[in-house]
There are 2 protein chains.
Amino acid sequence: MAGTAEGDGTADEVLVWDRPERGARGPAPERNRGQLTEAAVRLADAGGLAAVSVRQVARELGTGPASLYRYVAGRDDLVDLMVDAATGEIDLGVALTGDPVADLVALAGRTHQVHLRHPWLVEVAPEAMRVGPRGLAYLEYALRALEPLDGLPGAAKLEAVAALNALVVMVSGAVLRARRAPTARQAAQARYLHAVAEGGEHPLLAQALADGTTEEPGGAALAGPGGGPRFARVVRRALTGLLAPDAPGGSGRATAAPPDTGSTAGPAPARPGGSG
Amino acid sequence: MAGTAEGDGTADEVLVWDRPERGARGPAPERNRGQLTEAAVRLADAGGLAAVSVRQVARELGTGPASLYRYVAGRDDLVDLMVDAATGEIDLGVALTGDPVADLVALAGRTHQVHLRHPWLVEVAPEAMRVGPRGLAYLEYALRALEPLDGLPGAAKLEAVAALNALVVMVSGAVLRARRAPTARQAAQARYLHAVAEGGEHPLLAQALADGTTEEPGGAALAGPGGGPRFARVVRRALTGLLAPDAPGGSGRATAAPPDTGSTAGPAPARPGGSG
DNA sequence: AAAAACTGCGATCGCCGTTCGCGGTTGTAA
DNA sequence: TTACAACCGCGAACGGCGATCGCAGTTTTT
């Protein structure tokens, strides 16, 4: 009916959250999803998301790759668990002030901190929405912050939260790139850019590069505890614009994304904001 | 000298653009980078970025995987070439009106169209900046559009262009996701979201989901030739905010209040280790 | 004519995600 | 008590991946 291509078999229980942690009949599992998650996060914190492979996680747990499939349907589930765990690190116990913008900016600041602590969050592909239990709590909290604005339709609120999170991901990526020592590739890219700019065919680019730094623009200014003053300014402005009550058709709707997913700032055909 | 870790060997010529297309002494190559690029783009258009593997491209060209390494240093170079080729599809011959915001919004619209034509652009990891020859031309054009604003420092202009492109990528992703039939995973995610919302523990979320659609919100409204009215509105607003002359990098006109998130690495009430 | 630089590419390495199937364990029903 | 289905741990293996090595053949330079 609604099935796209292959139809038979149970298409249910696709997500980790829909599958039971363990069966009821067999022997007690020697491990649990929490341990897998911990190991995966540890690997990712150290070596990026690419370091999280079924094999590596298994090694970390002192077992074979095949064993993990008793706890998880595949690598994707591992990422789901990681993202939700990181989301859980965002403090949702902070009392709301009643000012939606201020509350959401503060929430964004805390989300940003988590991104700095777990840089791999920026690497998670925004292809699919990843919302687990903690993600739901996060959304509920954000919606609670937006409750004073009862003129705004719910969909628009979710849209604002999604956009806000996308912005946080973008900024976090910039800050992280500015913070880390540049890759060989990043250095080469910077060299190439300056070399060609010097060539004379791109005068405006040359000038722009001249009075800017080589590194990621804005990165340093956005850093700092709580995100720095510039972080707050950018986030506040964007949020204020998004929440401005000027939508006549009221057809505003957008994805509600968890703090981590959300479309990240991608590789637009030409983006200067790269690396240093 | 400045090398980070491993020092020997030539660390130069990391990017494709720094390496000559072919040597001068040997026999004429049977293929060229343009053909590789074409094949790779063809594969990506059909099957996403994941479909672009050294092996598949080689098969497309009727040769073995090892042969490609005469034209390209690795898969990464292939992506560089693809991105630059796509960037080249953006029409930079459009005359500028003199209104920076209008000109950049129009440019963003054309960029958006290219993203719709080559959906894999959204999948390219934003980890590293990828600017080739066409990317440079794109930047120069954008800076030319921004020339009337000579009060703005060059770095701020580049930052604005970067942010604009990030926004285009984000919106393009949303539109593409709304356009395509949902994945099994996406459907499952939506089901999970609604199911839990119905549970009663997340009343605001339930309400927000109630007056929104199940699918990716905003996608439809953002679609259409030229990006649709909503696309222009969003992009224009964001851009106007970014270009607002209130001293981004210059005099330290500090913002009123940074978020009061307080402690540097503080919150984390919930650890990832907790079992289900 | 010799040497050097270059191309094409089969064979191969190590890593990846995932599946199969076996022996052992546990809960439940006959 | 017995039988059996459900479950756990996991070695082995499959196919695909990016990348390297080394050799035979070709073209240019000396």
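Each chain gets a letter, A, B and so on, in the order the sequences are listed, and its residues count up from 1. Basis for what follows: all heavy atoms, side chains included, without hydrogens, waters or symmetry-related copies.
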Q: Give the intermediate values and the outcome of salt bridge (Lys or Arg N to Asp or Glu O under 4.0 Å) for residues B/Asp80 and A/Arg185.
A: CA-CA 12 Å; B/Asp80 279 3; A/Arg185 207 187 179 287; 2.3 Å; yes
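- Heavy atoms from other residues, nucleotides or ligands lying under 6.0 Å from CZ of B/Arg59 number 12 at most.
- Atom CZ in B/Arg25 sits roughly 6 Å away from atom C1' in D/dT28 (whole-Å rounding).
- The heavy-atom pair separating B/Val169 from B/Val122 by the smallest distance is O-CG2, 4.2 Å.
- Counting distance only, with no hydrogens placed and no angle test, the side-chain atoms of A/Arg75 and the base atoms of C/dG17 include no donor-acceptor pair under 3.5 Å.
- The two atoms that bring B/Arg130 and B/Ala125 nearest to each other are NE-O, 4.4 Å, heavy atoms only.
- When the nucleotides C/dT18, C/dT26, D/dG18 are ranked by their closest atom to the side chain of B/Val54, D/dG18 comes out on top.
- Straight-line distance from the OH atom of A/Tyr69 to the C1' atom of D/dA13: 14 Å, rounded to whole Å.
- Between B/Asp91 and B/Arg110 no salt bridge is recorded (no basic side-chain N to carboxylate O distance below 4.0 Å).
- One atom, CG of B/Asn32, and another, C1' of C/dC6, lie 17 Å apart when rounded to the nearest Å.
- Comparing B/Arg70 and B/Ala24 by the nucleotide of DNA chain D that holds the closest heavy atom to each, the one mapping nearer the 5' end is B/Arg70.
- A salt bridge does not link B/Asp18 to A/Arg191: none of the charged nitrogens lies less than 4.0 Å from a carboxylate oxygen.
- The nearest heavy atom of DNA chain C to A/Val52 and to B/Arg31 marks one nucleotide each, and the one closer to the 5' end goes with B/Arg31.
- Of the residues in residues 55-68 of chain A, those with a non-hydrogen atom less than 4.0 angstrom from any atom of DNA chain D are A/Arg55, A/Thr63, A/Ala66, A/Ser67.
- Here D/dG18 presents its P atom at 11 Å from CG of B/Asp76, a figure rounded to the nearest Å.
- The CD-P distance, from A/Glu21 to D/dA6, rounds to 21 Å in whole Å.
- Computed from coordinates, the A/Tyr71 OH to C/dG17 C1' distance equals 19 Å when rounded to whole Å.
- Atom pair B/Glu30:CD and D/dG25:P shows a separation of 15 Å (rounding to whole Å applied).
- Separating the CG atom of A/Leu43 from the C1' atom of C/dC16 is a distance of 15 Å, rounded to the nearest angstrom.
- Each of B/Ala73 and B/Pro27 was matched to the nucleotide of DNA chain D holding its nearest heavy atom; the match closer to the 5' end belongs to B/Ala73.
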Q: Evaluate the salt bridge (Lys or Arg N to Asp or Glu O under 4.0 Å) criterion for residues B/Arg33 and B/Asp84: first the C-alpha distance (whole Å), next the side-chain angles of each, then the deciding distance (0.1 Å), finally the verdict.
A: CA-CA 12 Å; B/Arg33 282 179 186 161; B/Asp84 207 57; over 6 Å; no
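- Residue B/Ser53 places at least one side-chain N or O under 4.0 Å from the OP1 or OP2 atom of D/dG18.
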